[in-house]
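Residue numbers start from 1 in every chain, and the chains themselves are labelled A, B, ... in the order their sequence lines are given, proteins ahead of strands.
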Amino acid sequence: MSFLSVNDVTVRFSVGSKFAAWIKREKPPILTAVDGISFDAERGESIGIVGESGCGKSTLAKAITGLVPVASGSISLDGEELSGKRDPALRRRIQMVFQDPSSSLNPSLTVEQMLSELLRVHNIVPRDQIADRCVELMDLVKLRTSLLEARPRRMSGGQRQRVGIARALALEPDVLIADESVAALDVSVQAPILNLLNSLREELDLTLMFISHDLAVVRYVSDRVIVMYLGRAVEDRPTSEMFEDPRHPYTKALMAAAPKFGVKKAPGESALKGEPPSALNLPSGCRFRPRCPLAAEICEQTEPGLTGPSEVQRAACHFAWEDEEISS
Amino acid sequence: MSEHILEVRDLEVSFTAHGQTVTPVDGVSLSVTRGEALGIAGESGSGKSLTLKSIIGLLPPNATVVGDLRYALDDEEPIPYAPADVHGHGISIIFQEPMTALNPTMRVGDLIAEGPRIHHGLDKKAARVKAVDLMRQVGIPTPERRARMWPHQLSGGLRQRVMIAAALSTEPSLLLCDEPTTALDVSIQDQILGLLQELRGSLGMSVVFVSHDLAVLGELCDRLAIMYGGRIVETGPVDEVFADPQHPYTEALMTSVPSFDATAEQLRGIDGRPPDPRAFPPGCRFAPRCQYARDECRSAVHELRDVSAGRTTACIYPELIQGVKR
Amino acid sequence: MGRFGFVAKRLLQTIPMLFGIVLIVFLVLQITPGDPARQIVGLRASEAELQEVREELGLDDPVLVQYVRYVGNVLQGDLGYSYKSRKPVSEIIGERIDVTLWLMGSGILLTVLISVPLGVIGALRKDRAADHVIRGLGLVGLSMPPFWTGVILLLLVAIPTGWFPAGGFGETFPDKVRSIFLPALTLAIASSPFIIRGLRASIISVMESEYISTARSIGVAGGRLVRRFVLRNSAGPAITLLAIEMGYLLFGAVVIETTFALPGLGQGLVLAARGRDLPSVQGYTLLFALAVVVVYLVSDIVTAILDPRVEIEA
Amino acid sequence: MTEPPASAFDAVTEVVEPLAPLAEPGIWKKMPKKVYVGAAIVLLYMLVAVFAPALAPYDPLEINPVDRLASPSAEHWLGTDELGRDVLSRMIYAARIDIPIGFLGALLPAILGTVLGALAGFYGKWVDTVIMRTADVVQAFPAYILVIVLVFALGQGARSIIIAFTVLAWVIYTRIIRSEVLRVKDLDYIHAAQVAGLPRLRILRVHVIPNVINQTLVYLPNDIVFATLGLAAFSFLGLGIPPPTPEWGAMIAEGQPFLRTNWWLATVPGLVIVGLGLGLSLVGEGLEERLRA
């Protein structure tokens with residue numbers, strides 16, 4: 001049994017107007033944001049989840065933290081099943097760092113109030129040690145202790161993001177999910193936050209799930225990367241292996257599309273044609289087929305499963321492992 | 001015939017509120033030659049976007065602009081202009097967020113037709129045909145159908161293409177780009193960059209492209225200007241700047257983003273935060289965050305000095321820079 | 001689907017609201033102290049006479065039965081009989097509605113004539129002298145009780161010039177115009193500050209949007225910019241604002257009709273309330289509430305037509 | 001206009017802008033000048049109300065048939081009314097009626113409306129439906145018409161007026177607070193609190209309310225103006241405070257017949273109302289300016 005186990009998780013939202021559907025005598029349209037995602041993570045492992053907007057990566061994170069209900073499938077941590085209505089003691093073990101530093105901290109509270117509230121409500125440390133623990137947390141995320149008295153408005157984006165990390169660590173979680181946690185920061189302050197996450201993971205033996213649209217960033221912090229497209233995982237491989245030799249055409253295209261130093265853009269060229277289809281109206285067979293350079297007849301008929309030589313070397317393309325034996 | 005299509009000398013943009021004056025653009029000079037793509041890089045608060053908007057006079061009314069702006073019509077020498085002179089005549093702009101940049105209550109085809117109707121005196125019907133042509137030119141599939149759609153019915157990538165078509169509708173010789181790919185997905189950004197590169201070639205336009213992302217600028221631009229704290233701190237051809245940055249800030253910017261092809265080594269990043277225009281530090285504005293800073297830096301007078309042909313830097317100790325290992 | 005769906009949904013939403021309105025008006029009867037029958041027959045009537053009226057009005061039936069009957073009557077346009085004049089309330093309303101329509105109509109006209117130019121000037125001259133003056137006047141206008149404004153107009157305009165009557169409603173068209181002018185002006189002074197403030201904010205927000213920058217950058221300027229880019233985008237909020245203002249205007253009409261002794265619905269409501277004439281009070285109230293519901297509905301539909309983004313979800 | 005417009009019923013929420021939280025350090029110092037000017041005016045009115053017995057030269061109810069409709073003089077600064085009562089004294093005593101009713105008539109709906117708005121926005125589902133549909137119905141009655149009807153049903157007097165204002169005016173607070181709660185509820189710090197497993201009521205109390213409550217504070221001064229104007233209007237119509245209690249609106253009504261001869265009888269009470277309204281509006285506008293985030 002793995003430490004964190006995500007098993008065939010599906011998340012659906014009903015979208016559009018129920019009234020419109022009622023008039024048309026149809027069921028309200030259902031959007032499947034996350035469509036049968038499975039993966040296992042070990043304690044201390046760092047998993048990157050990468051994909052473009054609308055691929056379901058943030059929804060997956062919210063499902064794991066319990067912020068959105070799971071339609072089917074299961075999530076378990078350390079052998080314990082995590083339902084939507086999990087009790088606070090279990091909830092505590094999976095914490096999250098959010099994207100936008102301007103809205104991820106309560107503007108009314110000082111850092112100390114924020115941290116001590118959590119320590120108090122969850123009885124993390126005895127009451128008389130709360131103040132000391134707050135100082136320790138600040139040291140952990142490398143912030144000046146004097147900032148304990150500050151409110152978010154007085155802090156820079158990078159500082160706020162560190163407070164966000166401290167807040168998550170206050171509950172002594174086993175799993176830390178970072179959802180686009182550096183995307184809103186200025187380029188020059190991203191690196192220190194990434195370095196901090198890397199060192200904290202080692203220091204505290206955290207299982208880190210790092211969600212991002214940016215392949216290079218994911219590469220920097222993850223042991224293993226899952227690429228998502230329209231709610232599905234299309235590739236799940238160890239980081240170095242995937243970056244050297246991507247197997248899914250979408251992964252290849254994403255890597256080709258990312259701007260690189262010293263490479264001039266060719267006129268009119270692009271790695272990936274067209275735009276993703278609507279998640280409400282998916283094509284038959286493989287959902288990447290309409291944009292795929294390799295698309296063949298089989299892709300129209302059968303949706304490829306996520307398979308590969310091992311549990312952590314998987315890709316959802318009929319042609320991904322053509323040159324290799326698949327051990328199943 | 002002059003080489004330059006645009007010349008900006010000692011541009012200052014300032015705002016006064018509650019008796020306090022802030023100058024987020026503080027003495028910027030730059031020039032763009034015909035057919036050239038100039039990239040302006042910088043972080044939030046560097047003044048890059050304000051610089052761009054003052055070229056086309058789209059700053060909010062409470063902004064004060066001082067400086068010498070010259071633009072060359074056809075084959076003439078650059079001459080001073082008022083922003084209204086270039087609206088629809090020579091300079092166009094595209095923005096970061098195409099949803100807010102398109103009129104929500106106007107069909108996209110009608111918006112693109114505005115330019116031809118005003119400047120070429122086309123009637124409604126001819127302008128509409130022209131609009132559809134432009135939409136086809138920027139790679140919008142089924143342009144006849146999409147011309148009748150409202151902005152909110154299009155995806156982000158198509159909206160940005162509509163924005164580009166509207167900008168091209170006045171046949172500009174200089175296109176200003178204000179982070180036009182930042183709000184887009186990587187694969188769509190890649191498409192838009194390819195499109196802009198293609199249009200540059202086919203229309204012979206000059207481009208000024210503003211972005212926080214050096215790699216994006218590198219894909220499209222010939223020359224780079226790096227801005228920090230309301231000033232340009234380094235300029236030069238893209239390849240040379242990347243290979244051998246002559247300002248510590250440029251170097252720091254390059255080493256603070258994880259790269260794609262190199263194996264993971266510890267990223268350096270930059271301590272502190274970008275300076276607040278309300279309280280720029282004295283001397284070299286990067287000095288408080290600079291790993292090479294010496295005492296003299298804190299009183300250095302800002303001046304762009306030539307390093308080699310076509311390259312300038314504001315750093316007084318460029319020889320200290322260790323260089324980027326890539 | 002689109003906008004048709006929006007209109008359909010909006011119409012459907014109105015139905016439960018109408019029942020709620022009728023319920024509240026009906027409940028007033030229930031909580032009002034005193035015996036309606038006694039009020040009708042007078043203090044000297046015998047117990048038998050009283051009982052007869054009670055039965056006639058069904059006052060002894062259970063509350064629910066009375067409510068259903070009341071709803072049924074209202075649906076047929078039967079609002080009951082006035083305790084005072086014994087005439088049908090609907091007939092009394094018919095006699096008075098003319099004056100109120102005149103007052104509202106000319107009041108709205110003057111409001112638009114005053115507030116649109118001032119709102120536009122305020123927005124275009126934001127934070128300059130003209131804007132400060134307009135905002136200052138607006139602040140004073142908001143604090144002025146409308147009936148007092150009427151009194152001041154009587155004192156400063158009607159009495160010295162003698163052009164306008166101090167009260168009453170004329171018979172001929174010119175007389176009607178003369179007698180409605182000052183009340184309408186009073187109404188306009190009371191409601192303009194809201195509209196000016198809202199219109200100013202709406203135009204400013206449109207002018208600051210990036211699509212105005214886009215338009216200017218491709219050379220759209222002057223009247224064309226206003227016509228094709230500003231107007232349609234700020235019209236929606238302005239119409240909504242005017243619709244909301246209708247609620248205040250109706251109350252303003254009540255007060256102003258009393259100030260200027262105009263025999264309209266508002267004066268009728270006040271007289272009925274003072275005279276404790278319950279069916280009349282209910283009738284007037286119901287009518288006023290219906291007017292608001294209809295105006296809001298129309299405003300929502302018009303804004304939906306103006307704004308392509310209003311889909312059924314709105 | 002970046003979003004499609006809301007229905008006219010909910011339009012008030014379109015102009016709601018996020019405000020600084022209640023606990024923003026230093027936000028309550030350094031107010032714009034207009035707040036101090038406005039507050040000084042309001043304070044002056046309050047002092048007059050409190051010290052009315054000491055300030056008023058005469059008993060406001062004392063009838064003096066000999067000295068009817070006297071012009072202003074050293075004895076009667078503002079003259080006397082139809083019944084020979086001293087107008088200045090009546091104006092001063094009226095402050096003891098208008099000010100408390102105006103303040104209470106806004107404060108009670110503010111409390112009720114804020115609580116209901118927070119509940120509707122935070123809990124959603126049927127709680128939201130019930131509260132907001134009720135709000136729609138109340139809002140369908142034009143402004144103070146509902147107050148007239150309620151005063152009709154409950155009987156004249158201060159108590160009925162305050163109840164009627166409360167029944168009517170909670171709607172606007174509810175709409176404002178609800179829309180702000182909906183906005184805040186979707187911010188990441190609320191998600192963070194949920195992920196941290198904090199109890200829902202605690203999230204509402206500590207993380208939501210302190211960040212939206214200033215909306216109520218900013219709207220309150222305007223609402224006091226409306227309530228004061230409303231009270232004056234009802235008394236003017238003869239439906240508010242019954243005579244002989246002095247009340248500014250009623251005094252305007254009493255003075256109107258004598259407009260040609262004793263014009264000050266009907267005009268001066270109005271000026272007094274305008275003064276109070278201006279003071280309150282200045283406070284409201286200045287507060288909003290300062291708190292706008």
[options]: which one forms the most heavy-atom pairs within less than 4.5 Å of chain A?
options	result
B:G157, B:S155, B:G201, B:A252	B:S155
B:T181, B:D276, B:I188	B:I188
B:Q197, B:E198, B:E219	B:E219

Do B:E43 and A:S188 get their side chains close enough for a donor-acceptor pair, meaning under 3.5 Å?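 There is such a pair between these side chains.
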
Would you compute the distance between atom CG of A:L272 and atom CD of B:Q191 and round it to the nearest 0.5 angstrom?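 Going from CG on A:L272 over to CD on B:Q191, the span is 6.5 Å.
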
Looking at NZ of A:K265 and CD1 of B:I192, how far apart are the two atoms once the value is rounded to the nearest 0.5 Å?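 With rounding to 0.5 Å, NZ (A:K265) is 11.5 Å from CD1 (B:I192).
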
Counting N and O atoms only, with roles assigned by atom type, does the side chain of [X] sit under 3.5 Å from a partner on the main chain of [Y], one being a donor and the other an acceptor?
X	Y	value
A:K264	B:C221	yes
B:D185	A:S53	yes
A:Y220	B:V257	no

For B:L158, is it the side chain, the backbone, both or neither that has a heavy atom under 4.5 Å from a heavy atom of chain A? both

Bottom line for B:R289: the part with an atom under 4.5 Å from chain A's heavy atoms is side chain

Please state whether the side chain, the backbone, both or neither of A:L185 comes within less than 4.5 Å of a heavy atom of chain B.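 No part of it gets close to chain B.
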
Under 4.5 Å from any heavy atom of chain B - which part of A:E269: backbone

Check each of B:L220, B:D190, B:L214, B:V216 against A:P259 using the side chain to side chain contact (heavy atoms under 4.5 Å, CB included) test, and report the only one that passes.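 Single side chain to side chain contact (heavy atoms under 4.5 Å, CB included) partner of A:P259 among B:L220, B:D190, B:L214, B:V216: B:V216.
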
Pairwise side-chain contact, B:R200 with A:P267, heavy-atom cut-off 4.5 Å (strictly under): no

